[in-house]
Amino acid sequence: MDISLALGGGGSRGYAHIGVLRCLLKEGFRIRAVAGTSAGGIVAVAYAAGISPDHLERVFAKVDQTKLFARSPEEGPGILGLSGAARLFEELLGDKTFEDLDIPCAVVAVDIKAGREVVLNQGRVVDALLATVAVPGVFPPKQYGDALLVDGAVLNPVPVTVARALAPALPVVAVVLEIMTEATSGINSLPLPVQVPAALVERLTRTRVAQAFNIFLQSVDIGSRKMGELRLLMDKPEVVIRPDVGGIGVLEKVDIPSIIHKGEIATDIALPILLQTLAWPNRLRRRVFQR
């Protein structure tokens with residue numbers, strides 16, 4: 001069965017997308033187009049470039065998560081940097097452009113100068129990824145022509161409309177990682193760009209600056225979740241899959257295989273409704289699966 005995928009943002013929760021992909025492919029679904037925001041954009045581009053879920057898991061499993069957000073001198077304003085992430089994207093995707101990808105793909109960013117959503121589906125994919133993951137204030141914005149781009153989750157946390165535009169005749173399966181919960185993590189599990197003694201980390205997390213940053217991260221996360229729910233109500237994907245990752249902080253250091261497995265579990269549970277909803281003549285009936 002042919003589908004289009006919309007992969008939502010969620011920081012460290014984004015590894016769950018790999019499990020969703022793995023389960024869908026195992027069950028015989030053919031993914032003909034994919035759109036992503038932020039962490040979902042990374043997985044979307046990687047899959048569209050022909051990288052299998054298994055290979056993607058192996059790549060991320062080798063990554064030192066504490067070095068992903070190191071800063072380089074030339075980076076713009078941001079509490080953390082993306083130099084480590086940029087190196088990973090380069091190793092994974094090289095100089096590929098969207099035109100080089102195997103299937104239609106796009107990622108979403110927001111132009112903070114114009115105050116509007118920007119769909120990136122042309123040019124170098126690494127540049128687009130550095131834009132879609134740039135959480136405002138946390139990571140440096142990405143200059144992209146005349147635009148100054150930040151994380152697409154500001155306006156479109158789960159890009160259903162973009163996925164639908166890439167393949168108008170296909171049903172959209174949306175993967176949502178933003179779940180309202182009281183258990184959110186912030187600075188306490190922030191991956192530091194250098195190795196810092198645990199006792200010092202604990203002291204740092206008690207400072208007013210660290211506590212303020214924690215509040216800022218949680219506020220951004222709440223806003224993204226609320227925006228995501230409103231967009232889902234308006235954009236009406238045919239099926240929504242929600243991996244159980246609500247208690248994981250946006251920048252938390254995580255056990256990657258465990259998060260991936262959560263994506264597989266959610267997809268497996270959703271499978272009966274997924275098949276029923278997408279089967280003819282029910283294909284046009286839009287239903288939402290919520291775990």
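As a basis for the values below, the full set of heavy atoms in this structure was taken, side chains included, without hydrogen atoms, waters or symmetry mates.
In the hydrophobic cluster analysis, where Ile, Leu, Val, Met, Phe, Trp and Tyr join through side-chain heavy atoms closer than 4.5 angstrom, Val160 is grouped apart from Val119. Linking ILVMFWY residues whenever their side-chain heavy atoms come closer than 4.5 Å, directly or via other members, leaves Leu166 and Val45 in distinct clusters. Linking ILVMFWY residues whenever their side-chain heavy atoms come closer than 4.5 Å, directly or via other members, places Met1 and Leu25 in the same cluster. Cluster annotation: Leu93 is connected to Val63 through the hydrophobic network of ILVMFWY side chains, with a link wherever side-chain heavy atoms come within less than 4.5 Å. Residues Val175 and Leu230 are members of separate hydrophobic clusters, defined by side-chain heavy-atom contacts under 4.5 angstrom among Ile, Leu, Val, Met, Phe, Trp and Tyr.
The distance from the CD1 atom of Ile248 to the NZ atom of Lys253 is 15.0 Å, given to the nearest 0.5 Å. Interatomic distance, Ile51 CD1 to Leu56 CG, rounded to the nearest 0.5 Å: 6.5 Å. Put simply, CG on Leu129 and CG on Leu92 are 9.0 Å apart, with the number rounded to the nearest 0.5 Å. Between the CZ atom in Phe29 and the CG atom in Leu274 there is a gap of 4.0 Å [rounded to 0.5 Å]. Residue Leu82 holds its CG atom at 11.5 Å from CG of Leu88, rounded to the nearest 0.5 Å. Expressed to the nearest 0.5 Å, how far OG1 of Thr97 lies from CG of Asn121 amounts to 11.0 Å.
In terms of heavy atoms, Arg231 sits closest to Pro157 at CG-CD, 4.4 Å. Here the closest non-hydrogen pair linking Cys105 and Leu101 is CB-CD1, 3.7 Å. In terms of heavy atoms, Ile259 sits closest to Arg13 at CG2-O, 3.8 Å. Closest approach of Gly94 to Val126, counting heavy atoms only: O-CG2, 3.6 Å. In this structure, Arg124 and Asp95 approach most closely via the heavy-atom pair NE-OD1, 3.1 Å. Between Asp146 and Lys113, the shortest heavy-atom contact is O-NZ, 3.6 Å.
Scored by the ring-ring contact (aromatic ring centres under 6.0 Å, His included) test, Tyr47 finds no partners at all (sequence neighbours excluded). Residues satisfying the side chain to side chain donor-acceptor pair (under 3.5 Å) test with Thr37, not counting sequence neighbours, are none.
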Residue pair Val245, Val254: steps toward the side chain to side chain contact (heavy atoms under 4.5 Å, CB included) verdict: CA-CA 11 Å; Val245 292; Val254 296; over 6 Å; no

Audit row: Phe139, Leu130, side chain to side chain contact (heavy atoms under 4.5 Å, CB included) steps and yes/no: CA-CA 9 Å; Phe139 298 123; Leu130 291 174; over 6 Å; no

Test log, rule side chain to side chain contact (heavy atoms under 4.5 Å, CB included), inputs Tyr144 and Asp127: CA-CA 8 Å; Tyr144 204 93; Asp127 293 332; 3.9 Å; yes

Stepwise side chain to side chain contact (heavy atoms under 4.5 Å, CB included) check, Val133 with Asp151: CA-CA 5 Å; Val133 302; Asp151 191 336; 5.9 Å; no

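For the pair Val20 and Val43, the minimum side-chain heavy-atom distance is 4.5 Å or more. Residues Arg87 and Ser83 meet the side-chain proximity criterion, which asks for heavy atoms closer than 4.5 Å.
Side-chain N or O atoms of Gln143 include one that pairs as donor or acceptor with a backbone N or O of Gly145 at under 3.5 Å. Between the side chain of Ser4 and the backbone N or O of Leu170, no donor-acceptor pair lies under 3.5 Å. In this structure, the side chain of Glu238 engages the main chain of Val172 through a donor-acceptor pair within 3.5 Å. Side-chain atoms of His17 come within 3.5 Å of backbone N or O of Gly8 as a donor-acceptor pair.
Using a 4.0 Å cut-off between charged nitrogen and carboxylate oxygen, Glu57 and Arg22 count as a salt-bridge pair.
Put simply, the residue from Val162, Val154, Asp111 that forms a side chain to side chain contact (heavy atoms under 4.5 Å, CB included) with Glu117 is Val162. Of the options Leu120, Val108, Thr132, a side chain to side chain contact (heavy atoms under 4.5 Å, CB included) to Leu149 is made by Leu120 and by none of the others.
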